[in-house]
Number of protein chains: 2
Amino acid sequence: MAKDNGVSLSVIKRLPKYYRYLESINDRGIVRVSSKELSEITGLTASQIRQDLNHYGCFGQQGYGYNVRELMDELSKIIGVDKKYKMVLVGFGNIGHALYKYKSFQDLGYHIDAVFDLEAREANENDPEIVSIEKLPDYLKNNKVDIGIISTPKDASQEVCDILCDGNVDGIWNFSPVDIKTKNDVVLENVHLDESLFTLTYFINSPEDFNF
Amino acid sequence: MAKDNGVSLSVIKRLPKYYRYLESINDRGIVRVSSKELSEITGLTASQIRQDLNHYGCFGQQGYGYNVRELMDELSKIIGVDKKYKMVLVGFGNIGHALYKYKSFQDLGYHIDAVFDLEAREANENDPEIVSIEKLPDYLKNNKVDIGIISTPKDASQEVCDILCDGNVDGIWNFSPVDIKTKNDVVLENVHLDESLFTLTYFINSPEDFNF
DNA sequence: TAGATTGTTAATCGATTAACAATC
DNA sequence: TAGATTGTTAATCGATTAACAATC
């Protein structure tokens, strides 16, 4: 089956997980893997894994399974991690600071080109130059930016989101604990730490609710 | 309908969102809200909201809707944010640092009591005391800890997880980009930043895949 | 070839939505 | 009372799992 559009969100959310496991299998030098083996290490069913992958193509071979390296490469193309991405970071508080320093993303080809906050500040040995948020619209006019990261306080995030959308970013990675609205088809992905902690809290208080 | 166990994960994951919106409605001084109004601001259907809430009780009133303050209080009890939580942070890298400084959680009653990392270090004006990870098992023996936060490099996270589980934490909030396994019924909640960024990347490259 | 495992269809299961009687 | 809106059941929709023919 060829590439199929309209893949459901549930499937899409599992792709990074497949990629991650394949990477680690590949790192261990393993060459082939079956959906059954993948099932055992991911905890998903073999059936689901095969069906998920078949939304994008026939990557396996009957009687053999999947070539690890090959499937990994296909997934990297499907997800888009085979490309490089230019990012700007808006909000240099605690989270923003951590994201800026986080090496793994840079290694994967995601690079933060500029950092914006309320107060401009020169670069020093620890931190990058902080550009005044007022200059963000101009920056976006003059530089193609793929992803805007929002790590501002929640009161500012919708406004920043608007600026980023008007500046034609392709996607927004939002860390502020509110639901913001994008326009011009800008893709939004939220990391709601508060919701995550609350979900954890819920289960801590309701151990009987495990119905997995 | 009374409290109903075996609520599905989808429902549970929406509770923090309800709480967040109710909080903001309450802050604006609004006293009553209908499922229809909640539907408009959350983007969920009124039917779903009513059904979700009815897993836990009958909090509304026909012809009126819900009392904002009352529903908020109920939700805070359901989620468990009405209580205080003692946490330890393991791994004082970029993310760990950010989480330590993040004020919002403290205000909500989540407090980081101790920080562990490979190298012990005295407290200074910016940072807390860092205790050697070797002392973590003893610490857990002598202090009740509700939640362990893992923000170590991925190679260390399963080991840290084991120590936390043996030390009888109730839940683990994992920021390392691997799937770890808990034991002794310890609840696990992952924040997989890499997966989140990859999902964003996917949609950036497949704008046609919006089927919401 | 025989064994293994895929790709894909059909069956099942669960979650969401629609509808409406109950009732404030 | 009349209007509004809940709680709850029934209908629909979608996602997961099971099964198996195809085939390496």
Side-chain angles (χ1 to χ4, degrees), chain A residues 1-15 17-18 22 25 30-72 74-75 78 199 209-212, chain B residues 1-15 17-18 22 25 30-72 74-75 78 199 209-212:
Chain A
M1 186 194 241
K3 180 161 186 340
D4 154 19
N5 288 334
V7 181
S8 84
L9 187 60
S10 333
V11 174
I12 293 164
K13 293 248 174 205
R14 282 191 293 269
L15 300 178
K17 189 182 279 276
Y18 295 141
L22 284 166
I25 293 172
I30 295 167
V31 176
R32 67 166 280 275
V33 71
S34 68
S35 60
K36 183 150 173 289
E37 289 164 330
L38 276 173
S39 152
E40 278 153 17
I41 56 171
T42 59
L44 305 169
T45 65
S47 195
Q48 183 167 64
I49 294 169
R50 288 203 303 278
Q51 222 179 42
D52 282 357
L53 295 175
N54 283 137
H55 283 109
Y56 297 98
C58 300
F59 306 129
Q61 204 168 61
Q62 283 99 328
Y64 175 85
Y66 301 87
N67 176 289
V68 175
R69 179 83 227 175
E70 212 174 285
L71 184 56
M72 208 184 113
E74 289 290 350
L75 273 167
I78 292 163
T199 303
D209 262 6
F210 280 121
N211 52 350
F212 297 80
Chain B
M1 186 196 243
K3 178 156 185 349
D4 152 20
N5 289 334
V7 180
S8 82
L9 188 59
S10 335
V11 175
I12 293 164
K13 293 251 173 203
R14 282 192 292 270
L15 299 177
K17 189 181 279 273
Y18 294 141
L22 285 166
I25 293 171
I30 296 166
V31 175
R32 66 167 280 275
V33 70
S34 68
S35 59
K36 183 150 174 290
E37 290 164 330
L38 277 173
S39 152
E40 278 152 17
I41 56 171
T42 59
L44 305 169
T45 65
S47 195
Q48 182 167 64
I49 295 170
R50 288 202 303 279
Q51 225 182 38
D52 283 356
L53 295 174
N54 284 135
H55 283 109
Y56 298 97
C58 300
F59 306 128
Q61 204 168 58
Q62 283 99 328
Y64 175 85
Y66 300 87
N67 177 290
V68 175
R69 179 83 227 174
E70 213 173 285
L71 184 55
M72 206 183 114
E74 289 290 350
L75 272 169
I78 292 163
T199 303
D209 262 5
F210 280 121
N211 52 347
F212 296 80

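Given the structure is predicted, the values throughout are model-derived calculations rather than measurements. In what follows, chains are A, B, ... by sequence order, proteins preceding strands, each numbered from 1.
- A donor N or O paired with an acceptor N or O is not found under 3.5 Å between the base of dA15(C) and the side-chain atoms of Ser10(B).
- For dT16(D), neither phosphate oxygen OP1 nor OP2 lies less than 4.0 angstrom from any side-chain nitrogen or oxygen of Thr45(A).
- When rounded to the nearest whole Å, the span between CD of Gln48(B) and C1' of dC13(D) equals 13 Å.
- The interatomic distance linking His55(A) (NE2) with dG14(D) (P) rounds to 13 Å, in whole Å.
- Between Ser47(B) and dA18(C), a side-chain N or O to OP1/OP2 separation shorter than 4.0 Å is absent.
- By the 4.5 Å heavy-atom criterion applied to side chains, Asp52(A) and Leu44(A) are not counted as neighbours.
- Between Glu70(B) atom CD and dT6(D) atom P the separation is 14 Å, expressed in whole Å.
- Phosphate proximity of dT16(C) to Arg50(B): absent, as no side-chain N or O sits under 4.0 Å from OP1 or OP2.
- Closest-nucleotide positions on DNA chain D for Val11(A) and Gln61(A) were compared, and the one nearer the 5' end corresponds to Val11(A).
- Per the geometry, CG belonging to Asp52(B) stands 14 Å off P belonging to dT6(D), to the nearest Å.
- At dA15(C), none of the side-chain N or O atoms of Arg14(B) fall inside 4.0 Å of OP1 or OP2 (strictly under the cut-off).
- Taking atom CZ of Phe59(A) as the reference point, atom P of dC24(D) lies 17 Å away to the nearest angstrom.
- To the nearest angstrom, P of dG7(D) lies 12 Å from CD1 of Ile49(B).
- Listed pair Tyr66(A) / dG7(C) meets the phosphate criterion, a side-chain N or O lying under 4.0 Å from OP1 or OP2.
- The pairing partner recorded for dT17(D) is dA10(C), the criterion being a Watson-Crick or G-U wobble arrangement whose two distances lie under 3.5 angstrom.
- At distances below 3.5 Å, not a single donor-acceptor pair connects side-chain atoms of Arg32(A) with backbone N or O atoms of Gly65(A).
- Rounded to an integer number of Å, the gap from Tyr56(A) OH to dG7(C) P is 15 Å.
- Considering CD of Glu40(B) and CD of Glu37(B), their distance stands at 7.0 Å, rounded to 0.5 Å.
- Residue order along DNA chain C, read from the 5' end via each residue's closest nucleotide, puts Gln62(A) first among Gln51(A) and Gln62(A).
- Of all nucleotides present, only dA4(C) satisfies the Watson-Crick or G-U wobble test against dT23(D), with each distance under 3.5 Å.
- Nearest to the side chain of Asn54(B), among dT8(D), dT6(C), dG7(C), sits dT8(D).
- Contact of the Ile41(B) side chain with the Val33(B) side chain is not registered, since no non-hydrogen atoms from C-beta on lie closer than 4.5 Å.
- In terms of phosphate contacts, Ser8(A) brings no side-chain nitrogen or oxygen within less than 4.0 Å of OP1 or OP2 of dG14(D).
- In this structure, the OH atom of Tyr64(B) is 11 Å from the P atom of dT6(D), given to the nearest Å.
- In this structure, the side chains of Phe59(A) and Ile78(A) come closer than 4.5 Å at one or more pairs of heavy atoms.
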